Amino acid sequence: MKANVLTVTDGRTDKTYVLPIDAGTIRAMELRQMKEGAEDFGLMTYDPAFMNTASCKSSITYIDGDKGILRYRGYPIEELAEKCTFLEVAYLLLNGELPTDNQLKEWQNEVKHHTMLHETTKKFLEGFRYDAHPMGMFVSTVAALSTVYPEARNVLDAENRRRQIVRLIGKVPTIAAYTYRHSKGLPYVYPDDDLNYTGNFMNMLWRMVEPKYAAHPVMARALSVLFILHADHEQNCSTNTMRAVGSSQADPYLSVAAAAAALSGPLHGGANEAVLRMLDQIGTKENIPAYIEQVKAGKLKLMGFGHRVYKNYDPRARIIKWAADQVFRVTGRNPRLDMALELEKIALEDEYFIKRKLYPNVDFYSGIIYQAMGFSPDMFTVLFAIPRTVGWLAHWDELMRDTEQKIARPRQIYTGVMERHLPANRPAIQASAAV
Ligand code: COA
C-alpha cells in the first residue's frame, strides 16, 4: 500500500524509522532521533550551498526550472510583463492579490510620498569618492537609512513593517539615481510626483536643464518590464541573505543592504555587468568560437549562462529579447546584441552546454538593453536591486509572519583540530603590559 512516508533503516543500529513526507520533503529535524548512543548528537544533513534544502515555506513565487516556468503569486511572468505596471506587480508580490483601481491609486500615492531622501542622506552620498562603484554607494546608503528611521527596528509590528516597506520601495530609485548623478558629477534631481515609478526614476537620472523631464514612453515601458522580470525569484542568494539577516530581527534597511551586497557578486546580480565586459573582451563575432573553446576547457565561464534552478531556457531571457527589440527600434541596433545572439546560437548547439543544460539567463540580455538606454555597466546591478527590493521585502514580511521561523543558524561539520593547549609556561597578559 502506498503511504506518504519514508522508511529508513540506520545500518549502525539496525533501527528503522518512519519519516512523514510533506510536499516532497522530509523534515531534517526528524533525522536527529537517529543516534548511535545516548551521547550521540543525532544525524544531520550536509548540504553546502543549499543544493537540496528547502529553508522555508513561501507563497510568493513559483519556479519550475526544468520546464522554464516562473509565476508570481500564481500569475505567469509573461502575462504580468505584458499587461501590468511595475507597481501593480509590486503590490501583488507584497499583498498576494493584484490591486483594485482604488487600491492601485492609493498604493501609487503612498509610494510617491516616500521618494525623497533626508538631506543628510544626500550629504552622506557626497562623501563617496568620485569613482566609487554605484553598487557600493547603493548598499551603504540603504544601510544608512537605518539611522534615519530608528523606529524601523520594531520589526514585530506589522503596521510598522508596512511603513518601512513603502519607504524603501519609494526611496531605492532615488538612491540609485543619486549614485549615478554622483559618479557623473551632476547635481541631484528631486523626484517628480507627476511621473510614474520608472518615469520618475528616469527623470532623476537624466533631467538636465529642462523644466520638466519626459521619458521616452518605449524606454519607460521597457524599463518597467525589466523591473517586473527582476522583482522576485524565490530563494536566490540575495533573498536568502534577506531572510537570514532578517531572521535576527535586524531592521529592514540593514537587511536590504545585506541582500543588495549579496546581489552585487558576479555569480548573482553582478553577472549582467560581467556579460558586457565579456562581450567587449570577445570583441568580434569571429572570436566567439575560440572563446567558447576556452569556456569548455574550464578556463573561463560564459557569463549570463547557466542557473542553479533553470535547466531550461530562462523565461525572463525570452521576454528580455522582446524588450530589446522594442528598445533597439528607438536607439538603433547595438552591435553587442548581434554578438550575444551569435554566442547564444553557438553555445546552444554545443554538446558541452547541451549536456549541462546551460541556457541564457536573465542577465545575458539585460545589460545590452541597459547600455542601449544609456547606462554604464557599473549601474547594471543597481538597476537590478531597485525592483528586487520588492521581492526581498515580500519575503521579509512573509518570514516575520511565519511562526515556524527562528533565527537562521545552520550547523557545520567541524574538520579542525579537536583540542590543544598553549604551553603551560606561557604567562597571562597583564592589563598594564604594553601590547
Ligand atoms: N559557463 C561555463 N560552464 C558553466 C557555466 C557557465 N556559465 N555555468 C555552469 N557551468 C558548468 C560548470 O562548470 C559545471 O561543469 P562540470 O559539471 O563539468 O563541473 C556544470 O556546468 C554545473 O555548474 P555548477 O557550477 O555546478 O552550477 P551552479 O548551480 O552551482 O551555478 C551559476 C549556477 C549561475 C552560479 C553558474 O551557472 C554561473 O556561474 N553562471 C555564470 C554567472 C551568471 O550568469 N550568473 C547569473 C545567474 S542568474
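We count ligands from 1, going down the list as the structure has it; atoms in each ligand are counted the same way. Since this is a predicted model, take the numbers as computed values, not measurements.
Residue-ligand proximity, Arg308 to ligand 1, at heavy-atom distances under 4.0 Å covers atoms 28 (P), 29 (O), 30 (O), 33 (C). Listed by number with element, the atoms of ligand 1 under 4.0 Å from a non-hydrogen atom of Ala271 are 43 (C), 44 (O), 45 (N), 46 (C). Under a 4.0 Å criterion applied to the non-hydrogen atoms of Gly304, ligand 1 contributes the atoms 43 (C), 44 (O).
Within a 4.0 Å radius of atom 32 (C) of ligand 1, the protein contributes no non-hydrogen atoms. Remark: atom 4 (C) of ligand 1 lies closer than 4.0 Å to at least one protein heavy atom. Proximity of atom 23 (O) of ligand 1 to the protein is not indicated, since no non-hydrogen protein atom lies closer than 4.0 angstrom. Checking atom 28 (P) of ligand 1 against the protein gives a heavy-atom contact under 4.0 Å. At least one protein heavy atom sits closer than 4.0 Å to atom 15 (O) of ligand 1. For atom 19 (O) of ligand 1, the protein comes within 4.0 Å by no heavy atom at all.
Ring orientation note: the planes of Tyr180 and Phe375 are nearly perpendicular, at an angle over 60° on the 30°/60° scale. Ring pair Phe227/Phe86 is perpendicular by interplanar angle, where above 60° counts as perpendicular and below 30° as parallel. Note on ring orientation: taking the six-membered ring where Trp is involved, the planes of Tyr310 and His233 are tilted (angle from 30° to 60°).
Residue contacts with ligand 1 do not include Phe364, since none of its heavy atoms lies under 4.0 Å from the ligand.
Here the shortest heavy-atom distance to atom 42 (C) of ligand 1, taken over Met303, Lys296, Gln294, belongs to Met303. The residue from Leu302, Asp314, Leu300 that puts a heavy atom closest to atom 7 (N) of ligand 1 is Leu302. Summarising the contacts of atom 47 (C) of ligand 1 with Leu358, Ile292, Asn361, the nearest heavy atom is found in Asn361. With Val295, Asn272, Asn236 as candidates, the residue nearest to atom 2 (C) of ligand 1 on a non-hydrogen basis is Val295.
Residue contacts with ligand 1: Asp363 is placed with no nitrogen or oxygen under 3.5 Å of a nitrogen or oxygen of the ligand (distance criterion only). Polar contact with ligand 1: absent for His268 (N/O pair, distance under 3.5 Å). On a distance-only criterion, Arg356 and ligand 1 share at least one N/O pair closer than 3.5 Å. Ligand 1 has no nitrogen or oxygen under 3.5 angstrom from a nitrogen or oxygen of Arg316. Of the polar atoms of Phe305, at least one N or O is found under 3.5 Å from an N or O of ligand 1, judged by distance alone. Backbone and side-chain nitrogen or oxygen atoms of Leu267 are examined, and one is located within less than 3.5 angstrom of a nitrogen or oxygen of ligand 1.
Under the 6.0 Å cut-off for aromatic ring centres, Tyr253 and Tyr149 qualify, their centroids lying closer than that.
Considering only heavy atoms from C-beta on, Phe138 comes within 4.5 Å of Val172 through its side chain. Residues Tyr365 and Ile368 meet the side-chain proximity criterion, which asks for heavy atoms closer than 4.5 Å.
Taking the charged nitrogens against the carboxylate oxygens, Glu88 and Lys83 have no contact shorter than 4.0 Å, which rules out a salt bridge. Between Asp338 and Lys285 no salt bridge is recorded (no basic side-chain N to carboxylate O distance below 4.0 Å). Ion pairing of Arg162 with Asp397 is absent here, as no side-chain N (NZ or NE/NH1/NH2) approaches a carboxylate O to less than 4.0 Å.
Between the side chain of Ser224 and the backbone N or O of Ala220 there is no donor-acceptor pair closer than 3.5 Å. The closest donor-acceptor contact from the side chain of Asn203 to the backbone of Arg207 lies at 3.5 Å or more, if one exists at all.
Among protein heavy atoms, the minimum distance from atom 34 (C) of ligand 1 is reached at Gly306 O, 3.7 Å. The protein atom (non-hydrogen) at minimum distance from atom 13 (O) of ligand 1 is Tyr352 OH, 3.8 Å. Closest protein heavy atom to atom 38 (C) of ligand 1: Lys301 NZ, 3.6 Å.
Ser58 and Glu398 share a donor-acceptor pair across their side chains, judged by distance under 3.5 Å alone. Side-chain contact check for Thr381 and Ser264: no donor-acceptor pair (N or O, by modelled atom type) lies under 3.5 Å.
Cation-pi contact between Arg356 and Phe353: absent, since separation from the ring centre below 6.0 Å together with deviation from the ring axis within 45° is not met.
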